[in-house]
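Residue numbers run from 1 in the order of the sequence given. Any value given below was found using the heavy atoms of this structure, including those in side chains, with hydrogens, waters and symmetry copies removed.
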Amino acid sequence: MLAEPHSEQVGVEPLLELDTVSRVYGTGDATVYALRDVSLRIMPGDFVSIVGPSGSGKSTMLGLLGCLDIPTSGTIIVGGKTVTGLDDAERTEVRGRTIGFVFQQFHLIPHLDAVGNVETALLYRGLSRAERRLRAMNALESVGLGLRQDHRPVQLSGGEQQRVALARALVTEPKILLADEPTGALDSQNAEKVMELLTNLQSPERAVVIVTHAADVADAAYRKVSMRDGRIVSDVTRVR
């Protein structure tokens with residue numbers, strides 16, 4: 001059974017909000033609206049998939065949700081704080097404190113082992129080397145790779161590399177986990193493992209947001225946001 005539109009929790013503050021956001025590229029006759037007047041709230045406990053055809057605005061949406069980009073107009077609010085007018089350094093601080101990223105291409109550092117790759121997310125947090133190592137090991141163990149800590153990316157399968165990337169995103173204990181086509185480079189078996197991990201990471205305090213082309217991945221989420229031509233055309237929450 002589906003309930004539409006998405007119903008938000010009364011009295012609960014969104015983790016992240018886009019308020020009538022547009023993203024425009026070019027000028028004059030060459031103007032292109034990647035997003036047009038989009039509003040979206042990500043609530044604690046959400047497990048969301050963002051879907052749509054190529055060119056629908058999914059990637060632009062992800063960049064704005066992750067504070068990697070700023071809108072041409074409209075407002076982005078993270079944890080109750082308006083970030084739209086912040087400079088790059090201030091947005092980076094908000095992003096590092098609140099948001100974790102997982103990408104289709106794993107972006108692991110080739111010469112570092114698994115635990116070293118996870119530690120990179122903690123390098124500028126004022127932690128001792130021992131504390132960084134402990135947290136990185138705990139994150140690896142949470143994705144089932146504690147015994148592969150000393151393996152470099154070339155020694156890991158694609159599924160294992162994606163799980164290292166997931167551990168790296170989790171080690172900062174983010175409130176929002178953004179995943180861009182997290183199963184796109186994986187075979188079906190490894191994709192299933194990664195989706196199981198992502199499903200288990202959703203909690204009453206954390207939201208998981210997945211941008212995907214894959215119907216089975218999208219359908220695994222409790223909430224599905226569909227996009228077309230830079231707009232949200234539906235926002236459906238499945239009754240659990």
Side-chain angles (χ1 to χ4, degrees), residues 15-16 23 34-35 42 46-52 54-70 78 88 91-92 94-124 136 139-140 142-145 148 151-154 156-202 206-214 216-218 220-221 225 227:
L15 292 175
L16 197 158
R23 187 66 173 95
L35 287 183
I42 304 299
D46 268 348
F47 184 24
V48 187
S49 62
I50 299 177
V51 301
S54 296
S56 62
K58 299 190 305 297
S59 295
T60 302
M61 171 88 85
L62 187 74
L64 294 176
L65 289 172
C67 301
L68 297 169
D69 194 10
I70 55 174
V78 179
D88 287 345
R91 287 203 318 277
T92 297
V94 171
R95 186 167 60 243
R97 187 180 67 247
T98 310
I99 301 169
F101 293 90
V102 181
F103 299 100
Q104 178 176 349
Q105 303 303 324
F106 319 123
H107 299 304
L108 300 180
I109 299 172
H111 67 271
L112 294 181
D113 57 19
V115 70
N117 267 282
V118 175
E119 278 189 72
T120 60
L122 299 172
L123 287 177
Y124 303 105
L140 277 178
S142 75
V143 299
L145 289 178
R148 306 283 274 172
H151 288 64
R152 291 181 291 111
V154 71
L156 301 171
S157 69
E160 287 171 333
Q161 290 184 63
Q162 187 60 294
R163 284 151 65 193
V164 172
L166 185 53
R168 182 181 57 194
L170 291 174
V171 75
T172 60
E173 300 179 346
K175 292 292 186 183
I176 304 160
L177 185 64
L178 301 178
D180 185 14
E181 300 285 359
T183 64
L186 305 178
D187 59 41
S188 58
Q189 185 176 5
N190 280 304
E192 187 175 336
K193 290 180 181 178
V194 168
M195 281 306 301
E196 182 179 353
L197 285 168
L198 287 169
T199 302
N200 291 337
L201 289 170
Q202 177 266 346
R206 175 187 288 140
V208 176
V209 181
I210 301 172
V211 172
T212 183
H213 283 95
D216 57 338
V217 172
V225 175
M227 300 190 66

Donor-acceptor pair, side chain of [X] and main chain of [Y], under 3.5 angstrom:
X      : Y      : value
Arg152 : Ala114 : no
Gln104 : Ala179 : no
Arg23  : Ala34  : no
Lys58  : Gly52  : yes
Asp46  : Ala207 : no
Ser157 : Glu160 : yes
Ser49  : Ala218 : yes

Might you point out which heavy atoms bring Leu156 and His151 nearest each other, and give the distance in Å?
CD2-CB, 3.7 Å
Which pair of heavy atoms, one from Phe106 and one from Ala165, lies closest together, and at what distance?
O-CB, 3.9 Å
Walk me through it: do Leu186 and Lys193 pass the test side-chain contact (heavy atoms from CB on, under 4.5 Å)?
CA-CA 10 Å; Leu186 305 178; Lys193 290 180 181 178; over 6 Å; no
Any side-chain heavy-atom pair from [X] and [Y] closer than 4.5 angstrom?
X      : Y      : answer
Leu198 : Leu166 : yes
Thr212 : Glu181 : yes
Leu201 : Phe47  : no
Arg168 : Leu108 : yes
Leu16  : Lys175 : no
Arg97  : Val94  : yes
Arg206 : Leu170 : yes
Val164 : Arg148 : no

Could you grab the distance from atom [atom1] of [X] to atom [atom2] of [Y], nearest 0.5 Å is fine?
X      : Y      : atom1 : atom2 : value
Asn200 : Met195 : CG    : CE    : 10.5 Å
Thr199 : Glu192 : OG1   : CD    : 10.5 Å
Leu15  : Ile42  : CG    : CD1   : 8.5 Å
Leu178 : Cys67  : CG    : SG    : 9.0 Å
Ser188 : Asp216 : OG    : CG    : 9.5 Å
Gln162 : Thr183 : CD    : OG1   : 8.5 Å

If the plane angle is over 60° it's perpendicular, under 30° parallel, otherwise tilted; pick one for Phe101 and Phe103.
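Correct class here is parallel.
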Only one of Leu62, Val102, Ile50 clears side-chain contact (heavy atoms from CB on, under 4.5 Å) with Asp180; which?
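Looking at Leu62, Val102, Ile50, the match for Asp180 under the side-chain contact (heavy atoms from CB on, under 4.5 Å) is Leu62.
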